[in-house]
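Notes to accompany the following structure.
When reading the values below, keep in mind they use all heavy atoms of this one structure, side chains included, and skip hydrogens, waters and symmetry mates. Quick caveat, the model's predicted, so the values are computed rather than measured.
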Amino acid sequence: MLKYALRENLLTAAPDDYMAQAADVRSYTLDEIINLMMEKGTTLTRADVAATLQVYGEVVSAIIKDGSAVNTPLMNTSMSISGVFGGANDSFDKKRHTVNLNITAGTLLRDAVTKVKCEKTEGASTDPYITEVTDIVTGAVNTTLTKGGVVQLVGSRLKFDAKDEAQGIFFVPETGEAVRAAVIAENKPARLMAIIPADLAAGTYYIEVRTKIDMGGKKLKTHKTGRFNKPLTCAA
């Protein structure tokens with residue numbers, strides 16, 4: 001059962017437009033998936049299943065590393081390159097260009113999603129809510145970050161006190177300390193723009209907005225946090 005709540009849609013002009021946000025989505029780890037596979041009554045041992053999935057992951061990674069595509073019942077992949085080339089004689093440069101991995105659902109997942117049942121729940125959260133992240137340098141949406149470039153966040157309840165270092169836009173790595181955006185170009189409830197730190201290390205990040213301002217503009221004692229649920233990649 002997919003539970004969802006309705007939030008105001010600030011991307012359209014109509015005042016009564018709302019959008020659905022998935023709520024309380026259960027996330028499964030690889031170990032938990034292996035446990036579910038074992039419950040199917042397979043004759044393989046748990047170690048066999050884990051080893052097979054390990055090899056499967058390594059092979060798929062090697063295929064992607066080779067610049068090739070994967071087409072399976074679970075997923076289909078393709079490659080694209082973002083960045084501007086200075087004429088027909090220019091070549092790929094990691095400092096200016098980024099290879100993007102595009103993933104779409106395969107036949108099994110496309111069929112599965114048509115059978116999902118939905119249940120509406122009450123959306124009581126008043127936390128900042130990010131609907132879209134745009135890397136202005138490349139124009140990429142919800143995928144990449146360009147260090148030293150500009151990032152734009154669209155959503156609701158995003159405004160914060162830029163003078164308070166506990167508030168702002170934070171780039172949160174998978175491991176390690178979060179990095180705060182020091183230079184803010186725009187600070188509005190529905191849109192933020194900031195400079196991505198030039199020394200941001202290459203890797204995968206989640207963007208968070210932390211604020212102590214409520215919907216009425218009043219200051220709160222504790223900050224509220226809104227995290228964009230899609231990982232973003234910062235190239236070297």
Side-chain angles (χ1 to χ4, degrees), residues 1-5 7 20-66 68-79 99-125 127-133 140-145 155 170-179 200-210 224-236:
M1 183 72 70
L2 176 62
K3 296 183 179 181
Y4 70 95
R7 289 181 177 269
Q21 179 188 11
D24 300 325
V25 176
R26 173 77 159 87
S27 178
Y28 287 84
T29 66
L30 181 59
D31 282 341
E32 289 171 324
I33 292 174
I34 292 175
N35 290 337
L36 292 174
M37 293 173 67
M38 298 308 297
E39 291 177 6
K40 292 286 187 179
T42 176
T43 57
L44 298 175
T45 67
R46 194 182 192 285
D48 291 335
V49 173
T52 299
L53 291 179
Q54 175 68 27
V55 173
Y56 174 78
E58 291 174 356
V59 170
V60 170
S61 297
I63 291 172
I64 298 302
K65 184 178 180 181
D66 186 54
S68 301
V70 175
N71 293 300
T72 71
L74 282 180
M75 66 175 183
N76 303 311
T77 71
S78 63
M79 298 283 193
V99 175
N100 304 309
L101 175 62
N102 310 305
I103 302 177
T104 58
T107 53
L108 278 178
L109 295 185
R110 288 201 302 269
D111 179 63
V113 78
T114 63
K115 300 175 182 177
V116 174
K117 295 181 180 179
C118 298
E119 177 184 352
K120 183 179 178 181
T121 61
E122 292 298 324
S125 174
D127 293 342
Y129 179 56
I130 306 169
T131 59
E132 184 178 274
V133 177
V141 178
N142 301 339
T143 55
T144 61
L145 298 169
F170 291 82
F171 302 89
V172 184
E174 293 183 311
T175 58
E177 297 295 324
V179 180
L200 192 67
T204 299
Y205 291 85
Y206 289 89
I207 282 192
E208 286 185 357
V209 172
R210 304 174 188 175
K224 294 178 177 290
T225 299
R227 171 178 286 203
F228 189 59
N229 60 7
K230 294 182 180 180
L232 306 167
T233 302
C234 179

List the atom of [X], the atom of [Y], and the distance in Å for their closest heavy-atom pair.
X: Thr225; Y: Asp127; value: O-CB, 3.6 Å
X: Asn76; Y: Gly106; value: ND2-CA, 3.8 Å
X: Ser68; Y: Thr77; value: O-OG1, 4.4 Å
X: Phe228; Y: Tyr206; value: O-CD2, 3.5 Å
X: Val209; Y: Pro128; value: O-CG, 3.8 Å
X: Arg210; Y: Ala178; value: NH2-CB, 3.9 Å

How long is the span from the [atom1] atom in [X] to the [atom2] atom in [Y], to the nearest 0.5 Å?
X: Leu108; Y: Met75; atom1: CG; atom2: CE; answer: 12.5 Å
X: Asp31; Y: Leu36; atom1: CG; atom2: CG; answer: 11.0 Å
X: Leu145; Y: Phe171; atom1: CG; atom2: CZ; answer: 6.0 Å
X: Asn35; Y: Glu39; atom1: CG; atom2: CD; answer: 7.0 Å
X: Lys117; Y: Leu2; atom1: NZ; atom2: CG; answer: 13.0 Å
X: Leu101; Y: Met79; atom1: CG; atom2: CE; answer: 5.5 Å

Check: Lys120 and Tyr4 side chains under 4.5 Å, non-hydrogen atoms: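 SC-SC contact between Tyr4 and Lys120 confirmed.
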Flag, side chain of Asn142 to backbone of Val133, donor-acceptor distance under 3.5 Å: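 Checking the backbone N and O of Val133 against the side chain of Asn142, a donor-acceptor pair under 3.5 Å is found.
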Under 3.5 Å: donor-acceptor pair, side chain of Thr42, backbone of Met38: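 Judged by distance alone, no pair lies under 3.5 Å.
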Over 12 foreign heavy atoms within 6.0 Å of CD, Glu177: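 Atom CD in Glu177 is not crowded, with 12 or fewer foreign heavy atoms closer than 6.0 Å.
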Any pair counted as side-chain hydrogen bond (donor to acceptor under 3.5 Å, both in side chains), so long as it reaches residues 226-236, sequence neighbours left out: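 Of all non-adjacent pairs touching residues 226-236, those that pass side-chain hydrogen bond (donor to acceptor under 3.5 Å, both in side chains) are Glu208-Arg227.
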